[in-house]
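In what follows, a structure is listed as structure tokens, so that the remarks can point back to it.
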Amino acid sequence: MRIDILTLFPEMFQKVFDESIIKRAIQLGKVDIHIVNIRDYTKDVHNKVDDTVYGGGAGMVLMCQPIFDCIRDIKTENSKVIMLTPSGKVYQQKMAYDLSLEKHLILLCGHYEGFDERIKSICDMELSIGDYVLTGGEIPAMVIVDSITRLLPGVITDESHINDSFHNQLLDYPVYTKPRVFEGMEVPEVLLSGDHKKIEEYREKEMHRLTQENRPDLLDK
Ligand code: ADE
């Protein structure tokens with residue numbers, strides 16, 4: 001999969017993509033990530049990419065010209081263009097699965113007050129990573145790249161996905177490692193029993209208990 005990230009702050013990404021599983025996925029050739037500076041596409045003599053709001057209001061708005069030119073330069077018939085904005089549809093694990101099947105994603109990061117509304121016409125979807133407002137789309141782009149990369153075949157074991165929280169609308173079961181007792185807190189006896197059927201039943205029950213406790217909305221779905 002190829003991912004292009006369109007941003008005004010290209011340096012924010014280097015460190016994040018040069019660690020852990022994303023780094024390995026890049027080295028294995030599972031994902032090819034390109035960071036594109038939107039400012040490189042401005043035709044303005046002063047390198048401007050934003051301007052004031054028509055009708056009045058605070059802040060600056062990203063202009064059409066550099067973003068249209070940038071997307072048109074990069075887009076192919078296999079591309080899915082995603083605008084990152086707090087007013088988009090809320091990103092969910094199911095969308096991560098769907099997007100992981102695409103050949104090419106273009107992630108458009110906003111900043112300041114937002115995008116000129118006409119930029120939506122060149123995008124396929126608008127996504128938000130949650131009901132809060134960030135200073136820009138860069139961190140949401142990192143979230144989306146991370147959640148998709150780990151789903152690409154051969155990046156982590158398939159079993160890890162099956163156990164993911166949200167895989168079946170339930171949160172993941174709790175896990176423990178050594179030691180058996182830490183500061184008086186014990187690992188549940190059943191996990192030491194070696195009885196796989198009992199362990200499975202215990203984990204299933206825990207998934208329901210945890211979901212009921214932390215995310216009852218998932219059980220209503
Ligand atoms: N830009 C600012 N806030 C955002 C959010 N919550 N999701 C996606 N993009 C954003």
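No hydrogens, no waters, no symmetry mates; every other heavy atom, side chains included, goes into these values. Order of appearance sets the numbers: ligands from 1, and atoms from 1 within every ligand.
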* **Heavy-atom side-chain proximity of Phe166 to Leu218 below 4.5 angstrom** => yes

* Contact check, side chains of Ile122 and Val81, non-hydrogen atoms, under 4.5 Å -> no

* Asked: Would you say Leu127 contacts ligand 1, with heavy atoms under 4.0 Å as the rule?
  -> yes

* Do any heavy atoms of Gly136 fall under 4.0 Å from ligand 1? -> yes

[X]-[Y] side chain donor-acceptor pair, cut-off 3.5 Å:
X: Gln14; Y: Asp18; result: no
X: Thr85; Y: Glu126; result: no
X: Asp4; Y: His104; result: yes

Atoms in ligand 1 with a heavy atom of [X] nearer than 4.0 Å:
X: Pro140; result: 7 (N), 8 (C), 9 (N), 10 (C)
X: Ser128; result: 5 (C), 6 (N), 7 (N), 8 (C)
X: Gly130; result: 6 (N)

* Structure fact -> By side-chain hydrogen bond (donor to acceptor under 3.5 Å, both in side chains), Arg118 pairs with (sequence neighbours left out) Asp116

* Any N or O of Thr135 closer than 3.5 Å to N or O of ligand 1 -> no

* Would you check whether Val133 has a nitrogen or oxygen atom less than 3.5 angstrom from a nitrogen or oxygen atom of ligand 1? => no

To check your reading of the model: name the closest protein heavy atom to [atom], its residue, and the distance in Å.
atom: atom 3 (N) of ligand 1; value: Leu134 N, 3.0 Å
atom: atom 6 (N) of ligand 1; value: Tyr132 O, 2.8 Å
atom: atom 7 (N) of ligand 1; value: Ile129 N, 3.0 Å
atom: atom 9 (N) of ligand 1; value: Thr85 N, 3.2 Å

* To do: For atom CG of Asp217, decide whether the heavy atoms of other residues, nucleotides or ligands shown that lie under 6.0 angstrom number more than 12.
  => yes

* Heavy-atom count around Ile139 CD1 within 6.0 Å, excluding the residue itself: above 12? -> no

* Which option out of Gly88, Ala141, Pro86, Gly110 puts a heavy atom nearest to atom 10 (C) of ligand 1? -> Pro86

